[in-house]
Amino acid sequence: MHEHDVIVVGGGGAGLRAAIAAHEAGADAAIVSKLHPVRSHTGAAEGGINAALREGDSVESHAYDTMKGSDFLGDAPAIETLCEEAPEDVIQLEHWGMPFSREEDGTVSQRPFGGLSFPRTTYAGAETGHHLLHTMYEQVVKRGIRVYDEYYVSRLAVTDEPAPEDRTCHGVVAYDIKTGEVEGFRATNGVVLATGGLGQVYDHTTNAVANTGDGYAMAYRAGVPLEDMEFVQFHPTTLPSTGVLISEAVRGEGGILYNSEGERFMFERGYAGEWGEVASRDVVSRAELTEINEGRGFEDDYVMLDMRHLGEERIVDRLENILHLAEDFQGVDALEEPMPVKPGQHYQMGGVETDENGETCVDGLYAAGETACVSVHGANRLGGNALPELFVFGKRAGYAAAGEDMKTAEIPVGRRGEIEEGDVEVPVSVGTTGGDVAADGAGAVADAESVLERAVERERERRDELMGREEGIHHAEIRAELQEAMTRFVNVFRNEDGLQSALGAIRRARDLYQDVYVRDPSETFNTDLVQTIETRNLIDLAEAIALSALVRDEFRGAHWRQEHQERDDENWLKHTMLSWNDGSPEVWFRPVLLEGEEKTYEPKTRSY
Ligand SMILES: Cc1cc2nc3c(=O)[nH]c(=O)nc-3n(C[C@H](O)[C@H](O)[C@H](O)COP(=O)(O)OP(=O)(O)OC[C@H]3O[C@@H](n4cnc5c(N)ncnc54)[C@H](O)[C@@H]3O)c2cc1C
């Protein structure tokens, strides 16, 4: 068994920042990650980082844009914390050596991004995430923080009191991909989940194959609520071939979208007033799909994004990476031709419920980054707001897990404060896959060591059972069916029949999973086994997304419902919460917090 004060699960932007903070606070911190940190998906981030750094800009304006972008479903204390702390954290990155792009006078460059009222997106070419990861990883190495890479964390070691709010997390269980051993990691102070997104729930996504939402699923099975899971961001400019992202920076720099009739449809068909192509992502994605569905797309599948008029010099200076992506993944020379693009799954706004200090309702368990929902993005994330979230809330979670004195959070977590019970009727019974929950509420509370030993034992049994089956169905078949159903029914446009069909398909995937088997018998580097375990997580998360989408009968941000074409502030200024305490999901709600430190944010019509 390994033992550290703080265990950070995940070595992406959020995990690295959390580990550095925990170390700064004097804790012995370690990172446990299924990938080497610099292979984490943060490395794919292209466009940039929002922070109010310049004269003429302000924290208040960044906070307002973020709240408006969230369609008034973000929590003001979280949004204000993000916008207040982002500038000092960007400066910290600069001091650590992040190679930001610069103006002639040496100041850091900032570009316009969708939904921002000021050009406040700081960047390093179109490879911002790559540089961010390397800059932070250097700090991890410099500090001698232990990194266990190629360890797949599959279970949280939590006590199992009936109420999640009474439980404690004492560590994690991980499968050493190199040796095939299942090992326990005891965290004497805290565990920070920073496992990134869940794009693999869909078959057309900008996310890497490693983005299987393991952190959300593990927390969910330990009793931590998942918040606002229906809010999935679809990015309007992904390559049809692979889902590879063409950054919003292209539109920020002046790239234009047009349809098969040669119309610059964002303006000519009035989708977003004067915002045009730099409207928010949900708006542009819907506009593109409307064009395609009404027959003005190319090959009934995509529209065109053109940046040729920006000129070679500017493109090479600011968007060089885009040229390589378009050439390598779509065979298009973007200096000479427009790029075909269509919407693809990109980001999960919802996630593991936390407060501003990254704390969940389970004692000793924290979450940060895309896995967490604090909630700054509400119903729609603005481009450039995820990266600052990683370091602002990664840092706070790291400090809190290390036991630093933090200002008391204003956001309540768990079934505390004002809540409302919910109900949802579904055509199929949902939930439960072989009773494999991390905490079953049986109340067999034990000391930390026994809790960890029991968790390790259960994971060894699970590995042996999966490896022991000689025949069955392969995870890839289940995954493919699930992903196809999610892309078909729980996409940009949603309706009740489709969501019910998705839940039916998920139920079928659950049933098939009972007979899943691992083809590869190897003890070492058995990625077939890892992917089999990940597939179970994808099923649980697909269900959480589809169920939450069915419950929310209004149109807000990224969640469009055919039968409910209006934002319904009277009934829906609240977060959708899903808890899985006793083997089946329960729905409940928590009111959104619109009261900030200085002002209350009044919901306004979001017309862009
Ligand atoms: C193509 C693309 C471009 C983007 N561009 C921008 C941008 O320009 N600006 C912006 O603000 N946002 C951008 N985003 C969003 C942003 O980059 C991500 O939300 C963010 O980087 C996620 O960081 P993270 O640290 O939460 O997760 P990740 O960077 O994905 O890291 C997750 C880590 O968890 C580990 N892990 C996962 N599961 C397990 C497990 N079971 N056991 C052990 N380890 C595990 C992985 O190994 C990895 O180290 C972009 C997203 C994409 C997909």
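Order of listing sets the numbers, starting from 1, for every ligand and every atom in it.
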Does [X] have a heavy atom less than 4.0 Å from any atom of ligand 1?
X: Gly48; value: yes
X: Glu150; value: no
X: Ala210; value: no
X: Tyr123; value: no

Just to confirm my output: which protein heavy-atom neighbour is closest to [atom], and how far is it?
atom: atom 40 (C) of ligand 1; answer: Asp214 OD2, 3.6 Å
atom: atom 2 (C) of ligand 1; answer: His346 CE1, 3.5 Å
atom: atom 6 (C) of ligand 1; answer: Ala45 CB, 3.5 Å

* **side-chain contact (heavy atoms from CB on, under 4.5 Å), paired with Thr360, selected from Val352, Val413, Asp355** => Val352
* Purely on distance, is any nitrogen or oxygen of Ala386 under 3.5 Å from one on ligand 1? -> yes
* For Tyr347, the option from Arg281, Gln233, His377 that meets side-chain hydrogen bond (donor to acceptor under 3.5 Å, both in side chains) -> His377
* Asked: Would you say the side chains of His36 and Asp149 form a donor-acceptor pair under 3.5 Å?
  -> no
* List the steps and the verdict of side chain to side chain contact (heavy atoms under 4.5 Å, CB included) for Val518 and Asn526. => CA-CA 9 Å; Val518 180; Asn526 193 334; 4.1 Å; yes
